[in-house]
Amino acid sequence: TWQNTKFAHRDQLVKWWLKTIATSPMSIQERLIMMWHNHFANEINVVDFAEFMLTQNQLFRKYIFGDFKQMVKDITKDPSMLIYLDGIKNYKSGNRSQINENYARELMELFTCGVSDWNNTPNYTETDVAEGARALSGWVITPSPKGSYYLGLSGSFAQSRWDAGSKTFMGKTGIWKADDIVDIIFTERADQVAKFVCTKIYRALVYDIPDPVIVS
């Protein structure tokens, strides 16, 4: 049945990943992929489909030693993330506004700059969360009939579900979309993003208590 196939695919995914970890000629690659998997928190029990989780794992492999900002942009539109943090529920259609702030908040708090900098100065406001969520609206997963093969499906932008109004995010005003929000974070909070992410890497590969001198 379709349900049995879905759970069989989950088992296959776990076995594939464990075998890849055990046999990879570059062990640091698998450690970093596990770190990014935990950093961009996700659970198959919520996402439901192993194919979407595999797509995300391959995304980590694509950017493992590459462009972190582009990885954040791609994760924002990734099917697993759109499901897990309610991106597919974040939309404005006509007079109906169902703006969901879950991903906007986690994008800043957990994925990029953190709640505050090293001087305990807040990195974002509740207004940034609300305005960022509006800009992040409009993303859906390519429709697929139940029972089909989900591997290769991606997030797609639905103009009719996007809040097209002006937004003010981190002091910048414009008719922002998802990529714009990521660009603004990496421009306006560049130092905070760098320290936040390097601290995560330090904790994953060196020691639980980061050395701020080395992180810098």
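Computed from a prediction, not measured in an experiment: that's the story for all the values here.
Between the E131 side chain and the K167 main chain, no donor and acceptor come within less than 3.5 Å of each other. Checked by atom type and distance alone, the side chain of D211 pairs as donor or acceptor with a backbone atom of V213 at under 3.5 Å. No donor-acceptor distance shorter than 3.5 angstrom exists from the side chain of N102 to the backbone of D86, with no hydrogens or angles considered. Here the side chain of S80 pairs a donor or acceptor atom with the backbone of F52 at under 3.5 angstrom. Under a 3.5 Å cut-off, the side chain of T112 and the backbone N or O of L107 do form a donor-acceptor pair. Between the side chain of T187 and the main chain of D183, a donor-acceptor pair closer than 3.5 Å is present. Of the possible donor and acceptor atoms, one in the side chain of N90 sits under 3.5 Å from a partner among the backbone N and O of N100. Of the possible polar contacts, one joining the N38 side chain to the M34 backbone as a donor-acceptor pair under 3.5 Å is found. Side-chain atoms of N123 come within 3.5 Å of backbone N or O of G114 as a donor-acceptor pair. A donor-acceptor distance shorter than 3.5 angstrom exists from the side chain of R161 to the backbone of I88, with no hydrogens or angles considered.
A distance of 11.0 Å separates OG of S93 from CG of D163, quoted to the nearest 0.5 Å. Atom OH in Y63 sits 3.5 Å away from atom CG in D74 (nearest 0.5 Å). Note: E106 CD to Y84 OH = 8.5 Å, rounded to the nearest 0.5 Å. Here SG of C113 is found 11.0 Å from CG of D191. Values are rounded to the nearest 0.5 Å. Atom CZ of F196 and atom OG of S116 lie 10.0 Å apart (nearest 0.5 Å). Atom-to-atom distance recorded for T20:OG1 and I33:CD1 is 8.5 Å, nearest 0.5 angstrom.
Around atom CG of D11, more than 12 heavy atoms belonging to other residues, nucleotides or ligands sit under 6.0 Å away. Applying the 6.0 Å contact sphere to NZ of K172 captures no more than 12 heavy atoms from other residues, nucleotides or ligands. More than 12 non-hydrogen atoms from other residues, nucleotides or ligands lie less than 6.0 angstrom from NZ of K6. Environment of CG in L18: crowded, with over 12 heavy atoms of neighbouring residues, nucleotides or ligands closer than 6.0 Å.
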*Could you go through the side chain to side chain contact (heavy atoms under 4.5 Å, CB included) check for I75 and Q56 one step at a time?*
CA-CA 8 Å; I75 281 286; Q56 188 180 79; 4.0 Å; yes

*Could you walk me through whether W17 and M53 pass side chain to side chain contact (heavy atoms under 4.5 Å, CB included), step by step?*
CA-CA 11 Å; W17 197 2; M53 299 296 287; over 6 Å; no

*Under the salt bridge (Lys or Arg N to Asp or Glu O under 4.0 Å) rule, what do K62 and D67 come out as? Steps first, then yes or no, please.*
CA-CA 9 Å; K62 177 180 178 180; D67 188 334; over 6 Å; no

*Go through F49 and I44 one step at a time and tell me if the side chain to side chain contact (heavy atoms under 4.5 Å, CB included) criterion holds.*
CA-CA 7 Å; F49 298 106; I44 197 167; over 6 Å; no

*Run the numbers on S166 and T173 for side chain to side chain contact (heavy atoms under 4.5 Å, CB included), then give the verdict.*
CA-CA 7 Å; S166 179; T173 301; 3.3 Å; yes

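The aromatic rings of F40 and F60 sit parallel, their planes meeting at an angle under 30°, below the 60° perpendicular limit.
Looking at heavy atoms from C-beta onward, T76 lies out of side-chain contact with F111 at the 4.5 angstrom threshold. M35 is not listed as a side-chain neighbour of R203, based on a closest heavy-atom distance of 4.5 Å or more. Taking 4.5 Å as the limit, some side-chain heavy atom of I185 sits within range of a side-chain heavy atom of V193. A heavy-atom distance below 4.5 Å is not found between the side chains of I64 and M26. Contact annotation: the side chain of R134 never approaches that of K92 to less than 4.5 Å [non-hydrogen atoms, C-beta and beyond]. Side-chain atoms of Y202 and Y207, non-hydrogen and from C-beta on, do get closer than 4.5 Å to each other. Using a 4.5 Å cut-off on side-chain heavy atoms (C-beta onward), R61 and L32 make no contact. Residues M108 and Q192 fail the side-chain proximity criterion, which asks for heavy atoms closer than 4.5 Å.
When every heavy atom of W176 is checked against every heavy atom of I181, the shortest pair comes out as CB-CD1, 4.2 Å. Closest approach of L59 to M71, counting heavy atoms only: CD2-CG, 3.8 Å. Residues G132 and A104 share a closest heavy-atom pair of C-CB, 4.0 Å.
The hydrophobic clustering, which links ILVMFWY residues whose side-chain heavy atoms are closer than 4.5 Å, places I99 and I175 apart. Put simply, F186 and F169 are part of the same group of oily side chains (I, L, V, M, F, W, Y) that touch within less than 4.5 Å, one to the next. When the side chains of ILVMFWY residues are joined at heavy-atom separations under 4.5 Å, either directly or via intervening members, M81 and Y91 end up in two distinct hydrophobic clusters. Note on W36 and V14: separate hydrophobic clusters, where clusters join Ile, Leu, Val, Met, Phe, Trp and Tyr whose side-chain heavy atoms are under 4.5 Å apart, directly or indirectly. Linking ILVMFWY residues whenever their side-chain heavy atoms come closer than 4.5 Å, directly or via other members, leaves I83 and F7 in distinct clusters.
Using a cut-off of 4.0 Å between Lys/Arg side-chain N and Asp/Glu carboxylate O, R105 and E126 are scored as salt-bridged. Here K77 pairs with D179 in a salt bridge; the nearest charged N to carboxylate O distance falls below 4.0 Å.
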